[in-house]
Every structure is written in structure tokens, then in C-alpha cells.
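Following: one structure in C-alpha cells, then a few remarks.
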2 protein chains.
Amino acid sequence: MSDNTEFVKKLRSVGLRPTKQRLKICKILFDRKNTFHFTISDLQKIIKTKIEEKVSLATIYNTVHSFKKKGYLKEISINSDKSYYDTNITNHHHFLDEETNELLDLDDNDISNLKIKKTIPGKKIKSIEVLVKIANNN
Amino acid sequence: MSDNTEFVKKLRSVGLRPTKQRLKICKILFDRKNTFHFTISDLQKIIKTKIEEKVSLATIYNTVHSFKKKGYLKEISINSDKSYYDTNITNHHHFLDEETNELLDLDDNDISNLKIKKTIPGKKIKSIEVLVKIANNN
DNA sequence: AAGTATTTTATAATGATTCTAAAGTACTGT
DNA sequence: ACAGTACTTTAGAATCATTATAAAATACTT
Ligand SMILES: [Mn+2]
Ligand SMILES: [Mn+2]
Ligand SMILES: [Zn+2]
Ligand SMILES: [Zn+2]
């Protein structure tokens, strides 16, 4: 309840009502130090496990979509099976562990300075992101 | 029929029978100068339009999967809605046009030399790929 | 507290992909 | 060429993630 005010403000600032479902999800997603990469079913499992009450699957989808639309979440495409979301909404790079399918953020200075030398007339660059796939040695 | 021998050989070399459906799809996918990026429904439309006979959807899926498994196609994740495939099976970079959703290959020398400075114990790098999103000016 | 707008929910619908099992085709040995 | 076997194609059903629907519940305003 103490922390909630922060999320209530966050939600209000973009015109979303602070319902108990949205606050619950806020706490799961944003009350942490590190970036959180998740799928809808990851989130559903966490809610089912770590939280007392239930939230319908439709609401999980709706809420994640609202957060994405408002810019609180970013969608990541690493797999066409299901959507991945990221609480780090900046443009950034990733390690993708092929064994576990887990994502890990890379800092800009984990990667050498990146320059795109090719241009397309009439088009401009919106983002540049690197995906580094990793797997167990040998 | 003249060119077919090439595809017949290609298929035989990995233990696939050269059926008329597979040869048809080979011609669409591999009888071209530039990289081809496509979805199953793209391919289906081309078969329906440019080719006389029909190929069932199941066979299109089966064939694309066989080709992927044999290393003749590469799957690209740019969108979780559907799978994209690429006839360029090397590790390479892409422009993604956000307006048209089209992919364009980037040559290694279209991009400054890329170095990953971070390492994960017990893990090694399998691939490094850059996705550059582009959109219309202004 | 009443009225209105928004949200949640269960459930149905959709769309991509995979599965099934029967009919068709390709290959092998003769 | 023929018969036998293995592989492939196919239509249709099944699955699974996601989206749509519309009624019940909740939040907000006055
Ligand atoms: Mn996949
Ligand atoms: Mn998408
Ligand atoms: Zn991230
Ligand atoms: Zn490509």
C-alpha cells in the first residue's frame, strides 16, 4: 500500500485507472531493480503463484497491451511462437540464451560503437538493436 | 526442366525426394539473384498466383520446415504474429521497414565492425545480428 | 448516493501452426 | 515393367496464442 502511490500516479499520469489488477501487475513488473523480460504466460504464472487473488487472462492481455501502448513496456521479437515483453523501454541490445530462451540486457558499452553506413533514400533510422545468441560452451 | 536438375541434386543431397511440389517451391525460393524474405502466406500467394497447379497448405508448411531443417532456409524473428523465412542462410543484418514490414539484407561492410565486450561464463557466442528499423522521413 | 465511463471477466472467435491418417507418388529390387 | 515398401501430399481436425464480445463489476464525478 505504501509503494502503491507511485504506481497510482504512474497510471493516472497516462489516463489509466488504478484498478487492483493493474496495481498488482505494476508491482510484479516494475517493483524490481533489473530489467524483466517476460511472456504473457510467465506473467500469468507469477500472478497465479506469488499473488493471492486471480486475474483473468483477458485482463493480463489488456493490461500488458495498455502498458505497451502507453510506453511502459516494449515488445521484443525473438520468437514467433509468442510475444516477449521488456520492462526496459529504451533501445538496447540483448544476449539470448538459446538453451533457456532467456534474454539479458546488454549495455551500450558492452558493444563496440555501431555505425550504419548504408542509407535508403526517403527513409530514416528509427532504432538499431543487436541480438547476440549464446549457448553453452562445447 | 533444364534448371530442375540443380534442385533435384540439391534435394537428393540431403535425402529429400524431388517431388513436383518441392521443385515448384525450390524454383520460387532459390531461382533468383537476391535474398528472398517471406512468410508462409506470401509463399502461398505466389504459388496460387504465379504457378499453375495448387500445393496444399500442409505441404507448404512441411516443405518450408524441411528446408529449414536441412539448412536451406533460415527463420527470422521480426514479428511474433507469424514466422518469416530468409533464403540468405548466413548470419547477416537487416533493415526492417516499419511501414511495409519488409526486410532488406545488410552487408557486413554496411555496418561498422562489431565487437561484444561482455562475456558470460560457460557460454559462447553463436551469432550476432543487427536489426535496423527504418521508416519514412519526417 | 446516483449516474456515467471504464474495466474486468468468462467465453467465443480468429488465425497461424501442427497433427492425423488416408490416398498418392517415388524408389528399390526383381 | 511390376510389386513391394517407404516417403509424401493432402484435407481436415486439433492446438495454442491472441483478440473480440458483451454482460457484470468497479471507479469516478457530481
Ligand atoms: Mn520459433
Ligand atoms: Mn506483433
Ligand atoms: Zn531488454
Ligand atoms: Zn536476410
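What's counted below: heavy atoms across the whole structure, side chains too, no hydrogens, waters or symmetry copies. Every chain is numbered from 1 and lettered A, B, ... according to where its sequence line falls, protein lines coming before strand lines.
Rounded to whole Å, the distance from CG on B:D81 to P on C:dG15 is 12 Å. To the nearest angstrom, C1' of C:dT7 lies 13 Å from CZ of A:F67. B:Q21 has its CD atom 6 Å from the C1' atom of D:dT9, to the nearest Å. Atom pair B:Y84:OH and C:dA16:P shows a separation of 11 Å (rounding to whole Å applied). Between the NZ atom of B:K69 and the C1' atom of D:dT8 there is a distance of 13 Å, rounded to whole Å. With rounding to whole Å, A:E53 atom CD is found 13 Å from C:dT8 atom P.
When atom types are taken as modelled, the side chain of B:Y72 and the backbone of B:K10 share a donor-acceptor pair closer than 3.5 angstrom.
For the helix from C:dA1-D:dT30 to C:dT30-D:dA1, the end axes, each set by the C1' atoms of five terminal pairs, are bent relative to each other by 30° (nearest 10°).
Of the candidates C:dT17, C:dC27, D:dA20, the closest approach to any side-chain atom of A:A58 belongs to D:dA20. Of the listed nucleotides (D:dC28, C:dC27, C:dT9), D:dC28 has the atom at the smallest distance from the side chain of A:R17. Here the nucleotide nearest the side chain of B:T19, chosen from D:dT9, D:dT18, D:dC28, is D:dT9.
In this structure B:T49 satisfies the side-chain hydrogen bond (donor to acceptor under 3.5 Å, both in side chains) test with no other residue, sequence neighbours excluded. Looking at residues two or more places apart in sequence or on another chain, you find no ring pair (Phe, Tyr, Trp, His ring centres under 6.0 Å) involving B:H93.
Of the residues near DNA chain D, B:T63 and A:Y85, the one whose nearest nucleotide (by heavy atom distance) lies more toward the 5' end is B:T63.
Checked for salt-bridge contact, A:K133 and B:E129 miss the test: no charged N lies under 4.0 Å from a carboxylate O.
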Q. Given B:F30 and B:F67, is the ring-ring contact (aromatic ring centres under 6.0 Å, His included) satisfied, shown in steps?
A. CA-CA 11 Å; B:F30 306 123; B:F67 286 167; 5.6 Å; yes

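When all heavy atoms of B:Y84 and B:N79 are compared, the pair lying nearest together is CE1-CB, 4.1 Å.
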